[in-house]
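Below is one structure; the comments refer to it alone.
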Amino acid sequence: QVQLVESGGGLVQAGGSLRLSCATSERTFSRYALGWFRQAPGKEREIVAAISRGGVSTYYRDSVKGRFTISRDNAKNTVYLQMNSLKPEDTAVYYCAARNSVAYSGSRADYDYWGQGTQVTVSS
């Protein structure tokens with residue numbers, strides 16, 4: 001069982017920045033493709049960004065392209081989501097997820113492990 005722990009959420013004004021982190025003690029962290037998802041109240045959980053096992057390939061949903069950056073540090077067993085130019089519509093609970101595969105996926109059903117989530121609130 002891979003335990004993922006997110007941190008870095010909070011309240012920020014529109015235009016501000018936050019960096020989310022997701023850490024694990026799992027020594028096989030480098031075997032997993034990783035994704036960041038978010039879920040706003042009353043909405044489905046959606047993919048925000050993802051990164052392949054080796055970190056070479058990344059994915060971003062259109063609404064965050066140019067504002068968010070996903071990265072991973074396998075030596076620290078941590079994946080990050082740098083969020084800049086935040087907008088009120090980015091408000092949600094953000095989850096990291098791990099998939100035992102080389103490639104990431106945009107479908108939450110393809111991920112094997114999930115963190116507990118961290119709240120991001122962007123005020124206008």
Side-chain angles (χ1 to χ4, degrees):
Q1 186 77 9
V2 176
Q3 293 187 325
L4 304 170
V5 180
E6 301 100 333
S7 61
L11 173 64
V12 64
Q13 289 188 331
S17 298
L18 286 172
R19 188 176 81 155
L20 305 183
S21 300
C22 175
T24 178
S25 59
E26 176 60 45
R27 286 179 288 180
T28 58
F29 176 80
S30 62
R31 296 181 183 177
Y32 295 86
L34 303 162
W36 283 99
F37 289 75
R38 68 186 180 189
Q39 187 167 17
K43 294 188 177 181
E44 293 289 319
R45 190 172 299 187
E46 62 185 18
I47 184 80
V48 176
I51 189 165
S52 62
R53 178 189 293 179
V56 175
S57 298
T58 57
Y59 163 85
Y60 299 94
R61 70 180 303 105
D62 286 346
S63 61
V64 308
K65 284 181 181 177
R67 300 189 298 123
F68 290 11
T69 302
I70 188 171
S71 61
R72 64 188 298 163
D73 185 337
N74 288 343
K76 295 183 178 180
N77 295 339
T78 302
V79 60
Y80 304 98
L81 185 67
Q82 178 67 43
M83 305 187 295
N84 299 328
S85 302
L86 282 161
K87 304 176 180 180
E89 52 263 43
D90 294 318
T91 295
V93 178
Y94 283 70
Y95 300 88
C96 70
R99 180 177 190 232
N100 193 356
S101 174
V102 172
Y104 56 75
S105 170
S107 172
R108 63 181 185 177
D110 290 335
Y111 287 81
D112 303 299
Y113 304 102
W114 292 83
Q116 81 289 350
T118 185
Q119 176 70 47
V120 172
T121 303
V122 185
S123 63
S124 57

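Predicted model, so just to flag it, every value in this text is computed and none were measured.
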Taking L86 as the starting point, is it possible to reach I47 by hopping between hydrophobic residues whose side chains are less than 4.5 Å apart? no

Any heavy-atom pair between the side chains of L20 and E6 that's under 4.5 Å? no

Less than 4.5 Å apart, side chain to side chain, heavy atoms only: is that true for R38 and E46? yes

Hey, what do you get for [atom1] ([X]) to [atom2] ([Y]), rounding to the nearest 0.5 Å?
| X | Y | atom1 | atom2 | value |
| --- | --- | --- | --- | --- |
| S21 | Q82 | OG | CD | 9.5 Å |
| L34 | R53 | CG | CZ | 10.5 Å |
| T69 | Y80 | OG1 | OH | 14.0 Å |
| C22 | N77 | SG | CG | 10.5 Å |
| E26 | Y32 | CD | OH | 5.0 Å |
| L18 | T118 | CG | OG1 | 8.5 Å |

Which atom of [X] lies closest to which atom of [Y], heavy atoms considered:
| X | Y | value |
| --- | --- | --- |
| A14 | P88 | CB-CD, 4.1 Å |
| S17 | N84 | OG-OD1, 2.9 Å |
| W36 | I70 | CD1-CD1, 3.6 Å |

Using the six-membered ring wherever Trp is involved, compare the ring planes of F68 and Y94 and label them parallel, tilted or perpendicular (cut-offs 30° and 60°).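 Rings of F68 and Y94: tilted, as their planes differ by 30° to 60°.
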
For [Y], does its backbone N or O pair with a side-chain atom of [X] as donor and acceptor, under 3.5 Å?
| X | Y | result |
| --- | --- | --- |
| D112 | N100 | yes |
| T91 | V122 | yes |
| Y111 | S105 | yes |
| R99 | A33 | no |
| T78 | A23 | no |

Basic-acidic side-chain contact under 4.0 Å: D90, K87: no

Using 4.0 Å as the upper bound for N to carboxylate O, is an ion pair formed by E44 and R108?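 A salt bridge links R108 with E44.
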
With a sphere of 6.0 Å drawn around CD of Q3, does it hold more than 12 non-hydrogen atoms of other residues, nucleotides or ligands? no

Determine, for F29 and R72, whether the Lys NZ or Arg CZ falls below 6.0 Å from the six-membered ring centre while staying within 45 degrees of the axis. yes

Below 6.0 angstrom between ring centroids: does that apply to W114 and F37?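 That pair passes the under 6.0 Å test.
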
